[in-house]
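Data block below; observations after.
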Amino acid sequence: MDNMVPHRKDRPQTDFLYCCGAITEILKFGSCQLHSGHKVLFLIIPGNPGVVGFYRTFMQSLHSMFGYHHPVWAVSHAGHCVPPDSMEMVEDVSSAAEHDVFGLNGQIEHKLAFLRRHVPRETSLVLVGHSIGCYIILDIMKRNPELKIIKAIMLFPTIERMAQTPQGKVMTPVLCHMRYVAYLPLFLLSLLPEGLKASLIKLAFGNIRSLDHTVVQPTVGLLSGDCAANAMYMGGQEMKKVLERDNITIKKNLEKLIFYYGAADHWCPVHYYHDIKQDFPHGHFTLCENGFRHAFVLDAGREVAKIVFEWVSEDLRT
């Protein structure tokens, strides 16, 4: 499996649609429409920024490791993608504002709406969350306990006390009090030619020796228009709202949950791992021994996919 060769089924499809009135990008490996023959769907809930293109290598690897049998989809966060020329950021401005679709609660409702509209009830789910995507998954499980979830994989989970983490202490003032100051440089960056943006991004990522170059173009998109502003707005709400761990939901779903914590994760200190493991001694909690960064998609998408494959493959055989 280390020498995976390109396969025609590795070609993904990208769809843009309105969900909760906001532009949403869906990256799909495998079947683009679900029907009764598709018993299992892998659905990726991203971190923040919720850009599905960051997960391309991770998704492609998962899809091929499972023999192309199960569709692997990722749903962007509302407003975290560049709309195609024929679409706007929001379908109805007043409705989007009223329901705060770009906020943290709005993003949770956005994922629930996507599941209702685009995933048949009989389809079993393997949910894979990254960072704040793990918090969103726990809320999905709480708000819709009828979903047929086989497993929920929590990669580098930010599910508690985000503002108290080392990175949270740095970013909370920026995201909550100085967000508008960042909008001007973001706007100026958005005016640059695409090629220059790509060069700047490669320069910024220059210290990552094994950089996955498929992340460069999605990052270019993030610097266009309102995407980064929407991501920062959501981030500010994360600092304010991700407080106590939802132990009730974790306890109810413990057998379905698999947590993977970073050993040097500034968004989720190691003592959070030890705390949750002590509170739930029978849960599945793993501390990374591979040195993967919180933003694993930058250079370890394939390696993390192998770990997820090992966790889930037995459940899909039974």
Side-chain angles (χ1 to χ4, degrees), residues 44-52 54-55 58 74 76-77 80 103-105 107-108 111 127-139 152-179 182 204-205 207-208 211-212 215 218-219 222 228 230-247 249-250 257-279 283 285-301 303-304 307-308:
I44 316 299
I45 309 294
N48 186 5
V51 178
V52 293
F54 290 156
Y55 297 85
F58 173 74
S76 79
H77 294 322
H80 289 209
L104 183 55
N105 183 67
Q107 297 287 4
I108 296 166
K111 306 307 175 293
L127 299 178
V128 182
H130 174 218
S131 191
I132 195 62
C134 303
Y135 179 91
I136 292 173
I137 285 175
L138 285 177
D139 238 302
I153 313 297
M154 310 297 212
L155 301 174
F156 305 92
T158 54
I159 58 173
E160 58 178 305
R161 299 174 283 171
M162 281 188 70
Q164 297 177 32
T165 65
Q167 194 69 11
K169 289 175 181 176
V170 173
M171 294 304 296
T172 296
V174 176
L175 293 171
C176 297
H177 308 297
M178 300 164 58
R179 181 162 45 90
F205 288 152
N207 64 330
I208 302 175
L211 179 69
D212 182 348
V215 305
T219 310
L222 185 63
N230 290 338
M232 291 180 69
Y233 173 68
M234 178 182 172
Q237 291 204 352
E238 291 172 38
M239 298 305 111
K240 295 175 182 176
K241 295 185 176 184
V242 180
L243 303 172
E244 298 304 314
R245 191 198 318 135
D246 185 357
N247 287 338
T249 300
I250 292 172
L257 296 168
I258 299 176
F259 290 83
Y260 190 68
Y261 282 82
D265 188 342
H266 296 302
W267 278 115
C268 191
V270 172
H271 71 86
Y272 285 15
Y273 159 77
H274 291 297
D275 290 347
I276 194 171
K277 194 174 180 183
Q278 183 174 359
D279 291 344
F285 305 98
T286 301
L287 187 64
C288 175
E289 297 178 347
N290 301 291
F292 299 147
R293 67 185 78 235
H294 182 84
F296 72 91
V297 293
L298 295 179
D299 57 355
E303 290 77 6
V304 175
I307 294 170
V308 173

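Residue numbers count from 1 along this sequence. Basis for what follows: all heavy atoms, side chains included, without hydrogens, waters or symmetry-related copies. It should be emphasised that the depicted structure is a prediction, and the values quoted were computed from it without experimental measurement.
- Taking the side chain to side chain donor-acceptor pair (under 3.5 Å) definition, one finds that D265 meets it with H294, sequence neighbours left out.
- To the nearest 0.5 Å, atoms SG (C268) and CZ (F259) are separated by 10.0 Å.
- When side chains are defined from C-beta on, T165 does not count as touching H266, because their heavy atoms never get closer than 4.5 Å.
- Within the 3.5 Å criterion, the main-chain N or O of I132 finds a donor-acceptor partner in the side chain of T158.
- Here the straight-line distance linking atom NZ of K169 with atom CE of M239 works out to 13.0 Å at 0.5 Å rounding.
- To the nearest 0.5 angstrom, M162 atom CE is 4.5 Å from E238 atom CD.
- The two residues C134 and G129 make their nearest non-hydrogen contact at SG-O, 3.4 Å.
- Checked against the 6.0 Å centroid threshold, F156 and Y260 count as a close aromatic pair.
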* To do: Check the pair F285 / I258 against side-chain contact (heavy atoms from CB on, under 4.5 Å), numbers first and verdict last.
  => CA-CA 6 Å; F285 305 98; I258 299 176; over 6 Å; no

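- Not a single donor-acceptor pair under 3.5 Å links the side chain of N230 to the backbone N or O of H80.
- Each salt bridge (Lys or Arg N to Asp or Glu O under 4.0 Å) pair with one or both residues in residues 153-164, not counting sequence neighbours, appears once here: E160-R245, R161-D275.
- Residues V128 and L155 are in side-chain contact: their nearest non-hydrogen atoms beyond the backbone lie under 4.5 Å apart.
- Residue G168 comes nearest to P173 through the heavy atom pair O-CD, 4.5 Å, listed as atom of the first residue, atom of the second, then distance.
- Using a 4.5 Å heavy-atom threshold, the side chains of T286 and Y261 count as separate.
- Applying the side-chain contact (heavy atoms from CB on, under 4.5 Å) criterion to D139, with sequence neighbours excluded, gives I108, Y135, K142, R143.
- For the residue pair C288 and A263, the shortest heavy atom distance occurs at O-CB, 3.5 Å.
- Summarising the geometry, atom NE2 belonging to H274 is positioned 8.0 Å from atom NZ belonging to K277; distances are rounded to the nearest 0.5 Å.
- Note: K241 NZ to Q237 CD = 4.0 Å, rounded to the nearest 0.5 Å.
- Qualifying side-chain contact (heavy atoms from CB on, under 4.5 Å) partners for I208, counting only residues two or more places apart in sequence or in other chains: F205, L211, R293, L298, D299.
- Taking every heavy atom of both residues into account, T249 and L138 meet most closely at CG2-O, 3.4 Å.
- The side chain to side chain donor-acceptor pair (under 3.5 Å) search around T172 returns none, not counting sequence neighbours.
- Distance alone, capped at 3.5 Å, places no donor-acceptor pair between the H77 side chain and the Q107 backbone.
- In this structure the side chain of I276 reaches within 4.5 angstrom of the side chain of I250, judged on heavy atoms.
- A heavy-atom distance below 4.5 Å is found between the side chains of P269 and P166.
- When all heavy atoms of V270 and G262 are compared, the closest pair comes out as CG2-O, 3.9 Å.
- To the nearest 0.5 Å, atom CD1 of residue I137 and atom CD1 of residue I153 are 8.5 Å apart.
- Screening W267, Y55, F58, F292 for a ring-ring contact (aromatic ring centres under 6.0 Å, His included) with H130, the sole residue that qualifies is Y55.
- Taking both residues in full, the closest heavy atoms of M232 and L175 are given as O-CD2, 3.8 Å, listed atom of the first, atom of the second, then distance.
- Under the salt bridge (charged side-chain N to carboxylate O under 4.0 Å, His left out) criterion, D212 pairs with no residue at all, not counting sequence neighbours.
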